[in-house]
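Every chain is numbered from 1 and lettered A, B, ... according to where its sequence line falls, protein lines coming before strand lines.
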Protein chains: 2
Amino acid sequence: MNVTNKAQILRQGEHCNFIAFIHEGSFRFYYDKDGEEKIIAFNFEGDFITNYRSFLTGKPSDHFIEAMQDAVIYKINLQELNSLYDKHKNIERLGRLIAENLYLMVASRLDSFMFQTPEERYKALIERNSRLLQEVPQYMVASYLGVKPETLSRIRARK
Amino acid sequence: MNVTNKAQILRQGEHCNFIAFIHEGSFRFYYDKDGEEKIIAFNFEGDFITNYRSFLTGKPSDHFIEAMQDAVIYKINLQELNSLYDKHKNIERLGRLIAENLYLMVASRLDSFMFQTPEERYKALIERNSRLLQEVPQYMVASYLGVKPETLSRIRARK
DNA sequence: GCAGGTCGTTGACTAGAGTCAATAAATCTT
DNA sequence: AAGATTTATTGACTCTAGTCAACGACCTGC
């Protein structure tokens, strides 16, 4: 499935009935708080992208998923997946592995918010994914790190 | 399996090779940062308790799991579970459901750290689990909320 | 080129959590 | 019950991120 830059493959208020696998391109997962975009995650080639909470609980999504470039993804639909679960027992393992994978991602992000300062998060990010800083506007990185753009600017100015 | 108050069913440095189900009692999941205990979670009857990251990745645990009262738990061992996965395909579903369940817990905790102030987290906690505040010393609640005991004391003094 | 945006930086100030210290209250111990 | 220890509160001060505003750099389209 082709997705053009800035297309929203999930909107606030919709139920997320898919898990997508990113073949090409990148996405941001964010929500809109009074006009201010709060970025929860960036996702790249090889990642799964979904609002897993909405997917699992059936509740409407609070978040948007938006392409940051033209992209190619493969979607697995909730209903399809459930019927696959019932028909082919091996697929359960896939579901389990996806859940485990997503767990590890969110758990490490929780760690970074519980135990690191914004400055430490920033340094860890450039360590882990310096490419992100080239490709993504700085105000989005700031949001991802949980600080205001002014603050990220000041963190960068510290030596 | 019986566990006495303050017993540590998982210690820092050990690989967590189990998932436990709490039949009776309560536990805290924490780690020790330079002598200061940082509490990640409290768990009660009906909850699963494990260092799921260590369990999944095989890496040593950074955390302790400690009983806060005498307790009764049922443990599922990693090796057992893996062999069950292979022998009985239906067990995969159990593994998936556990993973999904743990995902939702950690995701909502991440939300609270990304988007709420300590005061809002405190209010949400008394809303959700006022019982906790009776049973657990306040300095542990402070740690769980990600603030110092002095700060929690001041939050409580605000009206 | 120029006008209008957006983005990033910088400054002055505010607000809230951390730190350190003193004290009060609650809880073990014996 | 008395003393000792732990836990909770309060005060004074510091440090860091937020807020608001100004400004410059870089775009874009006309």
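Close approach of DNA chain D to chain B, defined as any atom under 4.0 Å from a non-hydrogen atom of the protein, starts and stops at dT7(D) to dA12(D). Contacts between chain B and DNA chain C, taken as any atom within less than 4.0 angstrom of a protein heavy atom, begin and end at dA17(C) to dC20(C).
Taking every heavy atom of both residues into account, N51(A) and D62(A) meet most closely at ND2-N, 4.1 Å. Annotation for Y144(A) and I40(A): closest pair CE1-O, 3.6 Å, computed over non-hydrogen atoms.
Remark on the helix from dG1(C)-dC30(D) to dT30(C)-dA1(D): inter-end axis angle 40°, axes from five-pair C1' superpositions, rounded to 10°.
Under 4.0 Å is where a charged nitrogen must lie from a carboxylate oxygen, and between R96(B) and E92(B) no such pair does. The existence of a salt bridge linking D86(B) and R93(A) is confirmed by a sub-4.0 Å separation between a basic side-chain nitrogen and an acidic carboxylate oxygen.
With sequence neighbours left out, E36(B) forms a side chain to side chain donor-acceptor pair (under 3.5 Å) with K148(B). Take S130(A) and apply the side-chain contact (heavy atoms from CB on, under 4.5 Å) test, not counting sequence neighbours, and it matches no residue.
When side chains are defined from C-beta on, Q116(A) does not count as touching K123(A), because their heavy atoms never get closer than 4.5 Å. Between Y30(B) and H63(B) there is no side-chain heavy-atom pair separated by less than 4.5 Å.
Residue pairs meeting the ring-ring contact (aromatic ring centres under 6.0 Å, His included) criterion with at least one partner in residues 105-127 of chain B, sequence neighbours excluded, are Y31(A)-F115(B).
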